[in-house]
**Q** 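Quick one: structure below, then a few questions.
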Amino acid sequence: MAGGSSQPGRSVTSKILAILSAFETTRRSLNLTEISKSADLPLSTTHRLVGELVDAGILSRTGNGGVQLGLRLWAIAQNTGRQLRDTARPFVQDLFSLTGETSQLAIRDGNMALYIDRVYGTRRVARVSRVGGRLPLHATAVGKAILAFSEDWVMDAYLAQPMEPMTAHTRSNPVQLRNELNRAKHNGYAITREEVRLGTCSIAVPVYHTGRLGCSIGLVIPTSHAANMERHLPVLYGISKRIEAATSHIPLETLLGIISGPDMNVPESEG
């Protein structure tokens with residue numbers, strides 16, 4: 001079905017996806033004009049499709065006349081990666097209990113680290129990522145662990161594309177990043193120091209699934225307490241092994257619920 005945008009031939013499905021994508025990088029409600037501009041759709045088309053999505057519960061209207069994501073979409077999205085999240089959650093909670101630091105579990109979704117679960121620590125760190133949020137692989141410890149311990153082609157494909165720095169400390173030079181990822185693979189863990197947001201550092205290790213990389217688990221730590229964050233490695237390795245054992249009977253594709261495929265897409269913030 002064509003028409004209704006500056007790009008002739010767009011299907012209704014592509015228009016709906018464009019509308020939903022307008023909410024991908026914001027947590028606030030949007031008005032119809034903002035959605036129309038983001039989706040590159042005429043206001044009349046936006047009004048009609050948004051109305052249908054509201055009726056279906058995928059979007060909802062706010063008291064000030066704005067539009068936000070609806071509870072039905074949230075409920076559907078909870079099934080994404082659910083088996084991994086439900087199986088790993090006790091271990092993520094254990095990691096928090098044993099370290100007192102913000103603990104998180106992530107998988108690769110294209111060229112992003114997708115956060116499947118997170119338990120917030122009590123230390124004051126900026127909360128830039130959240131469950132269901134995404135951050136560039138090269139700026140996060142969980143992302144670097146994924147890149148370092150994946151098959152070689154994953155790292156090669158990622159390093160071949162532009163990488164935007166999120167702070168002055170973000171490693172975005174492909175040669176330097178490759179060297180760092182090779183060191184991470186040799187050492188068995190990855191770290192970042194204020195690469196997503198000033199004031200936070202992170203450390204992460206891979207989690208394997210029947211010999212293949214499944215996901216990564218890590219900690220976010222205030223810079224003031226990060227001088228010797230490697231002290232947490234024994235518990236990180238222990239939790240990684242426990243998640244591996246608990247999920248080994250579930251096929252990896254079923255476990256993740258989504259495929260961390262070769263397509264490389266890149267934001268949000270880690271603390």
Side-chain angles (χ1 to χ4, degrees), residues 101-116 128-129 133-221 223 226-234 236-237 239-241 243-244 252 256 258-271:
E101 306 291 356
T102 295
S103 306
Q104 53 193 18
L105 184 76
I107 64 172
R108 181 175 73 84
D109 181 23
N111 59 2
M112 306 291 283
L114 171 62
Y115 291 87
I116 296 296
V128 192
S129 62
R134 293 171 172 80
L135 284 171
L137 291 169
H138 67 277
T140 66
V142 287
K144 287 182 180 181
I146 290 169
L147 286 173
F149 294 93
S150 290
E151 297 174 81
D152 291 343
W153 68 264
V154 176
M155 184 193 303
D156 292 341
Y158 191 88
L159 295 178
Q161 61 183 4
M163 293 174 286
E164 294 296 324
M166 299 188 72
T167 74
H169 303 288
T170 308
R171 190 87 69 187
S172 56
N173 178 285
V175 175
Q176 294 176 344
L177 182 56
R178 183 183 294 275
N179 290 337
E180 181 181 348
L181 294 174
N182 287 334
R183 286 195 302 273
K185 188 170 185 178
H186 175 77
N187 294 334
Y189 65 93
I191 61 173
T192 63
R193 297 187 185 276
E194 301 191 323
E195 295 188 42
V196 170
R197 175 165 288 190
L198 299 181
T200 62
C201 301
S202 57
I203 183 168
V205 301
V207 179
Y208 288 98
H209 183 278
T210 59
R212 298 165 57 192
L213 178 74
C215 55
S216 64
I217 190 163
L219 299 169
V220 178
I221 302 170
T223 300
N228 60 339
M229 59 184 168
E230 286 86 352
R231 71 188 184 279
H232 295 303
L233 283 172
L236 279 165
Y237 288 136
I239 295 295
S240 172
K241 289 292 187 183
I243 295 174
E244 180 181 3
L252 184 59
L256 299 184
I258 55 179
I259 301 300
S260 301
D263 56 303
M264 295 285 171
N265 33 342
V266 182
E268 222 173 294
S269 203
E270 180 170 50

**Q** Could you tell me the separation between the OG atom of Ser150 and the CG atom of Leu213, rounded to the nearest 0.5 Å?
**A** 4.5 Å

**Q** At their closest point, which heavy atom of Val205 faces which heavy atom of Gly188, and how far apart are they?
**A** CG1-O, 3.9 Å

**Q** Which value, rounded to the nearest 0.5 Å, describes the distance between Leu105 atom CG and Ile239 atom CD1?
**A** 11.0 Å

**Q** Quickly, which of Gln176, Met163, Arg193 forms a side-chain contact (heavy atoms from CB on, under 4.5 Å) with Arg171? Name it, please.
**A** Gln176

**Q** Atom CZ in Arg108, atom CG in Leu137: separation rounded to 0.5 Å?
**A** 7.0 Å

**Q** Is Met155 close to Lys185 at the side-chain level, that is, under 4.5 Å between some pair of heavy atoms?
**A** no

**Q** For the residue pair Pro206 and Ser240, what are the closest heavy atoms and their distance?
**A** O-OG, 2.7 Å

**Q** Side chain of Thr223, backbone of Thr200: donor and acceptor closer than 3.5 Å?
**A** yes

**Q** CZ/Arg183 to CD1/Ile191 distance, rounded to the nearest 0.5 angstrom?
**A** 9.0 Å

**Q** For residues Val220 and Val196, determine if any side-chain heavy atom of one lies less than 4.5 Å from a side-chain heavy atom of the other.
**A** no

**Q** If you round to the nearest 0.5 Å, how far is CG of Leu147 from OG1 of Thr140?
**A** 8.0 Å

**Q** Where is the tightest heavy-atom contact between Gly143 and Ala113, given as atom of each residue plus distance?
**A** CA-CB, 4.3 Å

**Q** Just how far is it from atom CG of Leu233 to atom CG of Leu236, taken to the nearest 0.5 Å?
**A** 6.0 Å

**Q** For a quick test of reading the model, state the closest non-hydrogen atom pair linking Glu230 to Ile203 and the distance between them.
**A** CA-CD1, 3.9 Å

**Q** With a 4.5 Å heavy-atom cut-off, do Thr167 and Thr170 have their side chains touching?
**A** yes

**Q** Between Leu135 and Tyr115, is any pair of side-chain heavy atoms under 4.5 Å apart?
**A** yes

**Q** Does the side chain of Arg178 reach to within under 4.5 Å of the side chain of Asp156, using non-hydrogen atoms?
**A** yes

**Q** For a quick test of reading the model, state the closest non-hydrogen atom pair linking Asn187 to Tyr237 and the distance between them.
**A** O-OH, 3.6 Å

**Q** With respect to His138, which candidate in Leu181, Thr192, Leu177, Asn111 satisfies the side-chain contact (heavy atoms from CB on, under 4.5 Å) definition?
**A** Leu177

**Q** Compare all side-chain heavy atoms of Tyr189 with those of Ser216 and state whether any distance is below 4.5 angstrom.
**A** no

**Q** List the atom of Cys215, the atom of Ala106, and the distance in Å for their closest heavy-atom pair.
**A** CB-O, 3.0 Å

**Q** For the backbone of Gly199 and the side chain of Glu194, can you confirm whether one donor and one acceptor N or O come within less than 3.5 Å of each other?
**A** yes

